[in-house]
Amino acid sequence: MADLRVTLCGVPLKNPVIPASGTFGFGREFDELYDISCLGGVATKGLTLKPRPGNSVPRIAESRGVILNAVGLQNPGVEAFIAHDLAWLRAKTRVIANVAGSTLEDYGEICLRLDGLVDFVELNISCPNVKSGGMALGIRPEHIREVTALAKASLKKTPLIVKLSPNVESIAVNAKAAEEGGADCISLVNTFTGMVIDIERRMPLLANRTGGVSGAGIKPIAVRMVYEASHAVSIPVIGMGGITCAEDAVEFLMAGATAVQVGTQNFTDPLACPRIIGGLNEWCDRHGVAQISSLTGACK
Ligand SMILES: Cc1cc2nc3c(=O)[nH]c(=O)nc-3n(C[C@H](O)[C@H](O)[C@H](O)COP(=O)(O)O)c2cc1C
């Protein structure tokens, strides 16, 4: 049996496999299917200061090898999460609280509320589906530096992960901006902005017109971005985008990731994460890899 443990910003994880934000709720439904304490951690649905109903339907569309979503950060709000889900989830595994704001100040306030209560805060400055905040703060390096520094100032105890948008000119420049702003770790990629047209109705399929593209089809682009970002910074990187199996996860680790997140595949196969953890064990054994952490950045 290989040693699957990894350390992220000084925090030990059982293994590098984490369900991605927005594809796993707060873990309760999945825990009915398997004991989620087997996971390296859970990234929560994006939390905002106040509850949000999300966008109008239809807000999910399928296309070949990918899906598009325009959920629009539907969530019960940070206080409801703290009151109803946090203690339960934290007793199971590491908690990565994914957070989003409409204004710069929102980000500071929500970080202050979560500091010391969760294992990591993951700053979502890359949501393409909301009108204010969201991706607007995650495109230009100077904005990334500013929002990161503001969040970091509110976090005295909890490490800060900044989740980067792939809808940018240079992922290396933006990764560096997050590091300069004080991020302890970066994660990427969030979804790519896309559109599907219903040709019978001659209208966009999604009520929001555009949505975020995720799933197996985006993997080679995501791997390239993780490779470029990890070579631009010296903080750890969490890689994601289209992971469906253990071999995909290995690819992200070799590209430079310390841990990986699995998103859309949780919808297709709710047992994807435990299957990938088992597959990583087998892959390491077959390849004589004693410690999975030795694969990080192993791509020559
Ligand atoms: C339905 C849905 C909702 C999502 N919600 C969030 C969110 O709230 N916050 C966030 O940072 N990312 C969100 N994401 C993006 C995922 O966490 C992930 O970055 C992206 O889907 C790429 O990974 P994948 O190809 O494995 O799905 C969402 C993705 C999907 C499909």
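Numbering of ligands and ligand atoms starts at 1, following listing order.
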> Would you call Glu179 and Lys176 a salt bridge, using N to O less than 4.0 angstrom?
Replying inline: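 So Glu179 pairs with Lys176 through a salt bridge.
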> Salt-bridged, Glu79 to Lys50, with N to O below 4.0 Å?
Replying inline: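 Answer for the salt bridge query: no.
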> Can you tell which part of Asn98 has a heavy atom less than 4.0 Å from ligand 1: side chain, backbone, both or neither?
Replying inline: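 It is the side chain that gets close, since no backbone atom is under 4.0 Å.
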With respect to [X], determine whether any N or O atom, backbone or side chain, lies less than 3.5 Å from an N or O atom of ligand 1.
X      : answer
Thr23  : no
Ile218 : no
Asn124 : yes
Gln265 : no
Lys163 : yes
Gly215 : yes
Lys45  : yes

If the cut-off is 4.0 Å to any non-hydrogen atom of [X], which atoms of ligand 1 fall inside it?
X      : answer
Ala20  : 17 (O)
Ser214 : 21 (O), 25 (O), 27 (O), 31 (C)
Asn190 : 10 (C), 11 (O), 12 (N), 15 (C), 19 (O)
Leu73  : 8 (O)
Gly242 : 24 (P), 25 (O), 26 (O)
Thr191 : 20 (C), 21 (O)

Are more than 12 heavy atoms, taken from residues, nucleotides or ligands other than [X], located less than 6.0 Å from that residue's [atom1] atom?
X      : atom1 : result
Arg5   : CZ    : no
Ile199 : CD1   : no
Arg209 : CZ    : no

>> Does the residue Val189 have a heavy-atom contact with ligand 1, meaning some pair of atoms that are separated by less than 4.0 Å?
In response: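 Val189 counts as a contact of ligand 1 under the 4.0 Å cut-off.
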> Considering only heavy atoms from C-beta outward, does the side chain of Leu117 approach that of Ile82 to under 4.5 Å?
Replying inline: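 In contact.
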>> If you define the side chain from C-beta out and look only at heavy atoms, does anything of Pro19 sit under 4.5 Å from Leu39?
In response: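 A side-chain contact under 4.5 Å exists here.
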> Which pairs, with at least one residue in residues 256-271 and sequence neighbours excluded, count as a salt bridge (charged side-chain N to carboxylate O under 4.0 Å, His left out)?
Replying inline: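 Pairs touching residues 256-271 that pass the test: Asp269-Arg275.
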>> My understanding is that only residues two or more places apart in sequence, or in another chain, count here; which of them pass side chain to side chain contact (heavy atoms under 4.5 Å, CB included) with Asn281?
In response: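 Counting only residues at least two positions away or on another chain, Asn281 forms a side chain to side chain contact (heavy atoms under 4.5 Å, CB included) with Met1, Ala2, Leu4, Asp285.
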> Pick from Thr264, Asn190, Asn69: which one makes a side chain to side chain donor-acceptor pair (under 3.5 Å) with Ser214?
Replying inline: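 Checked Thr264, Asn190, Asn69 against Ser214; only one passes side chain to side chain donor-acceptor pair (under 3.5 Å): Thr264.
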